[in-house]
Asker: 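Here's a structure for you.
Counting starts at 1 for both ligands and their atoms, following the listed order. Residue indices begin at 1 and follow the sequence shown.
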Amino acid sequence: MAMSLTTEARMIKGVGPQRAQLLAERGISTLGDLLGYLPFRYEDRIHFSKVKDIQPNGTYTIRARVMSGQAIRTMRFRRDAIYHLLVQDEAGGLLPCKFFHGGYLEGRLKPGQLLILHGKVEIDRLRPARLEMINPQIELLNSDEIDSTEVGRIVPIYEAIGTFSSKQIRRAMYAAVQLIDPRMPDVLPESLRRRLGYPSRGEALIHTHFPEPTESLDAMNTFRSPAQQRLIFEEFFLYQLSLGLDRRATRKENAIAFRVREDRIREALKRILPFKPTEAQKRVLAEIVADLEKPAPMNRLLQGDVGSGKTIIALQAAVIAIENGTQTALMAPTEILAVQHFLSARRILGKAGYRVELLISGLKGAEKQAALERIKSGQAQLVIGTHALIEENVKFARLGFVAIDEQHRFGVMQRKRLMDKAASHGHAPHVLVLTATPIPRTLSLTLYGDLDVSVLDELPPGRTPIVTRVTTEPHLPGVWEALRREVAAGHQGYIVYPVIEESKLELKAAIDEYENLSKEVFPKLKLGLLHGRLSSEEKDEVMQRFHRNEAQILVTTTVVEVGVDVPNATVMVIEHAERFGLAQLHQLRGRIGRGAQKSHCILVAPFRMTDEARARLDTMVCTSNGFDIAEADLLLRGPGEFFGTRQSGELGFHIANPIRDKELLELARQEAFALVEGGAQREELQRVLRMLPGEWQRRYHLAKVG
Ligand code: ADP
Ligand code: MG
């Protein structure tokens with residue numbers, strides 16, 4: 001059968017309808033999409049390590065047979081069964097392995113089964129003479145068949161997609177790669193490709209999925225092979241192309257120059273302030289005002305640690321925009337945050353007679369229609385919402401200012417789509433982006449284009465530092481007692497869980513624990529349960545109750561991670577804290593310590609955890625400054641992981657990593673900007689644009705290129 005990059009994924013050998021469904025949920029629907037799902041790691045399965053050669057703290061790949069296996073549950077590890085596995089390699093070396101949270105392996109591994117294990121070797125703490133492998137990744141091998149995708153080569157390891165395992169994905173990918181035409185269309189201009197010495201797109205894909213046996217394993221695992229470098233460069237190149245085109249377009253664009261130096265407006269700005277601004281807030285507002293007074297669109301990033309008071313600045317800028325006869329749109333990443341902004345904006349601005357509107361996807365038919373009407377007629381002056389704001393049917397009468405909260409949660413495309421809502425009135429909006437994620441200035445310039453940066457480097461006065469400590473599950477009764485005391489003193493608290501419902505990972509889940517906590521632990525208190533699967537109304541109601549102190553304890557998942565602001569909450573307990581990343585823990589902890597009272601953050605973690613997890617929790621105990629935490633994060637995880645897949649993915653990158661691949665990013669920027677600016681290359685630019693993915697094509701339709 002003839003295959004092309006647009007052939008449906010389910011037609012590929014080893015995929016089929018069920019797995020195609022799993023892939024579809026990840027946005028993979030065609031052969032081309034599937035080929036874009038790249039390995040995150042490679043294993044040398046030409047040379048396996050021997051058990052007799054392993055050393056403590058080394059990471060090894062071993063081929064061995066199962067001798068015995070057993071799951072053990074203890075009181076302490078009530079939920080966390082430990083699975084003990086003993087394997088033997090061909091040379092007769094015996095290796096014990098331990099899987100924490102390993103209950104799911106029970107009954108799955110039979111004696112004699114051939115396995116490949118990959119993991120770190122440590123000294124057994126109870127028997128120091130013995131080495132053991134901790135939480136290895138395992139792959140079952142079928143009988144003794146020598147399979148070309150499994151052994152005898154550098155093997156690509158994919159992140160499993162639901163029940164579609166890494167190994168199954170590898171087989172399907174092997175089939176998919178056979179369908180690649182090495183001369184497939186290449187978005188990189190031929191001359192550029194030759195000048196930089198990159199392989200063609202087809203070759204690069206083939207070798208990234210299935211490297212030549214002569215390729216260096218180290219190069220593959222650090223993403224430095226020519227094939228990977230080319231794919232990374234390509235992602236940056238297309239991204240920078242869009243920034244370059246934007247820059248060219250905005251140079252020609254006008255914004256409305258707002259008038260600020262009028263008594264009326266100065267008065268309005270003062271009137272809405274519920275507190276005395278910090279010096280940093282005053283300075284940043286002045287920087288913003290200077291931008292808003294110019295007829296060129298403001299494009300400014302406001303960086304400030306959690307709790308530094310970014311919101312009020314956005315609201316002040318909104319007042320300026322409204323007083324100048326335009327509308328403001330404020331976009332937040334979650335409904336909870338949008339609703340909270342809406343309520344506080346209505347409280348602060350409503351008093352002064354401004355009309356504030358909420359737009360979230362939870363709104364029902366007639367209600368939503370009415371809101372859309374008010375936005376279109378200009379009656380709504382400040383519109384606060386989620387990504388519901390960027391839907392096609394949202395039309396503004398005269399959008400003059402756009403504020404985007406917690407930018408790291410949004411893709412660049414979403415920001416642009418919101419900006420486009422103003423374009424239909426013949427001018428560009430002023431844009432302010434708020435973020436608590438500190439990224440180096442050079443990097444933000446490269447990623448977000450010509451952004452100016454303002455920094456809020458001062459916390460509002462009267463904050464007492466948060467005391468953070470780490471404890472283990474057996475000490476929970478004492479933790480609950482401390483929480484009871486806080487509540488008795490009139491305060492509130494959060495208890496955070498990593499998952500919503502019981503899963504095979506055997507992690508504590510918010511729903512179950514909520515039951516248990518309400519009935520057994522805090523029968524006299526009012527608890528609220530908040531998680532991402534509640535409807536908008538339910539979430540709203542829970543948050544309202546918590547805001548009004550009608551619930552004293554909020555049992556929740558990471559949905560409270562960003563922005564939630566209840567200053568009366570003084571305790572946060574995070575269970576399975578070892579499961580969270582540093583940035584996430586810092587954001588979570590930012591929910592407390594917002595008032596004058598002393599706050600406590602208690603991180604609950606198991607006795608045994610990886611060194612890295614322990615270092616993460618120690619950092620949380622010692623550090624409260626977001627910039628320091630980001631730096632520690634960078635050190636602990638290495639630059640490769642700092643911009644985790646989440647951030648990178650949201651920028652539309654599959655393989656490129658802006659920190660790890662800084663040099664390629666710079667190079668791509670130069671080359672892309674040269675292509676945009678170079679008059680002689682117009683045809684080449686047109687060709688590249690025609691090949692862009694759909695979303696980009698729509699945006700940079702050829703008319704704009706002329
Ligand atoms: P973030 O920068 O994390 O978005 P917020 O804007 O939510 O921070 O502000 C955190 C808390 O501090 C809010 O309760 C806000 O009302 C309060 N706040 C902000 N600025 C000041 C100030 N100058 N004085 C007192 N409280 C302030
Ligand atoms: Mg905020």
Asker: Mind checking what makes side chain to side chain contact (heavy atoms under 4.5 Å, CB included) contact with Ser344, not counting sequence neighbours?
Answerer: Arg347
Asker: Out of Val571, Ile592, Leu483, Thr570, which one pairs with His491 under the side-chain contact (heavy atoms from CB on, under 4.5 Å) rule?
Answerer: Thr570
Asker: Show which atoms of ligand 1 fall inside a sub-4.0 Å distance from at least one heavy-atom site of Thr278.
Answerer: 23 (N)
Asker: Report the nearest protein non-hydrogen atom to atom 2 (O) of ligand 1: residue, atom name, distance rounded to 0.1 Å.
Answerer: Lys310 NZ, 2.8 Å
Asker: Any carboxylate oxygen within less than 4.0 angstrom of a Lys/Arg side-chain nitrogen, looking at Arg264 and Glu323?
Answerer: yes
Asker: Hey, does Arg463 sit under 4.0 Å from ligand 1 if you only count heavy atoms?
Answerer: yes
Asker: Tell me, which protein residue and heavy-atom name are nearest atom 8 (O) of ligand 1, and how many Å apart are they?
Answerer: Gly309 N, 3.3 Å
Asker: Any atoms of ligand 1 less than 4.0 Å from a non-hydrogen atom of Asp565? List them with their elements.
Answerer: 11 (C), 13 (C), 14 (O)
Asker: Tell me whether Asp540 is salt-bridged to Arg545, with the criterion being a basic N under 4.0 Å from an acidic carboxylate O.
Answerer: no
Asker: Any salt bridge linking Glu481 with Arg484? Criterion: basic side-chain nitrogen under 4.0 Å from a carboxylate oxygen.
Answerer: yes
Asker: Give the atoms of ligand 1, by number and element, whose distance to some non-hydrogen atom of Pro277 is under 4.0 Å.
Answerer: 23 (N)
Asker: Near Thr311, which atoms of ligand 1 are under 4.0 Å from a heavy atom of that residue?
Answerer: 4 (O), 5 (P), 6 (O), 7 (O)
Asker: Looking only at protein heavy atoms, which one is nearest to atom 22 (C) of ligand 1, and how far off is it?
Answerer: Phe275 CD1, 3.3 Å
Asker: What about Pro460: any of its N or O atoms under 3.5 Å from an N or O on ligand 1?
Answerer: no
Asker: If we only consider heavy atoms of Gly307, is any one of them less than 4.0 Å away from an atom in ligand 1?
Answerer: yes
Asker: Going by the atom numbers of ligand 1, which of them fall below 4.0 Å from some non-hydrogen atom of Ser308?
Answerer: 2 (O), 8 (O)
Asker: For atom 20 (N) of ligand 1, which protein heavy atom lies nearest, and how many Å away is it?
Answerer: Gln281 NE2, 3.0 Å
Asker: Relative to the heavy atoms of Lys276, which atoms of ligand 1 are at a distance of less than 4.0 Å?
Answerer: 22 (C), 23 (N), 24 (N)
Asker: I'd like to check the side chain to side chain donor-acceptor pair (under 3.5 Å) partners of Arg259; sequence neighbours left out, ordered by chain and number.
Answerer: Glu262
Asker: Of the backbone atoms (N, CA, C, O) and the side-chain heavy atoms from C-beta on, which set of Arg594 has a member under 4.0 Å from an atom of ligand 1: side chain, backbone, both, or neither?
Answerer: side chain
Asker: Answer yes when Arg283 and Glu287 have at least one side-chain N-carboxylate O distance shorter than 4.0 Å, and no when they do not.
Answerer: yes
Asker: Kindly say whether the aromatic ring centers of His531 and Tyr497 come within a distance under 6.0 Å.
Answerer: no
Asker: Strictly distance-based, threshold 3.5 Å: is any side-chain N or O of Arg463 a donor or acceptor partner for the main-chain N or O of Gly307?
Answerer: yes
Asker: What atoms of ligand 1 come within less than 4.0 Å of a heavy atom belonging to Val306?
Answerer: 3 (O)
Asker: Between Phe401 and Phe258, is the ring centroid distance below 6.0 Å?
Answerer: no
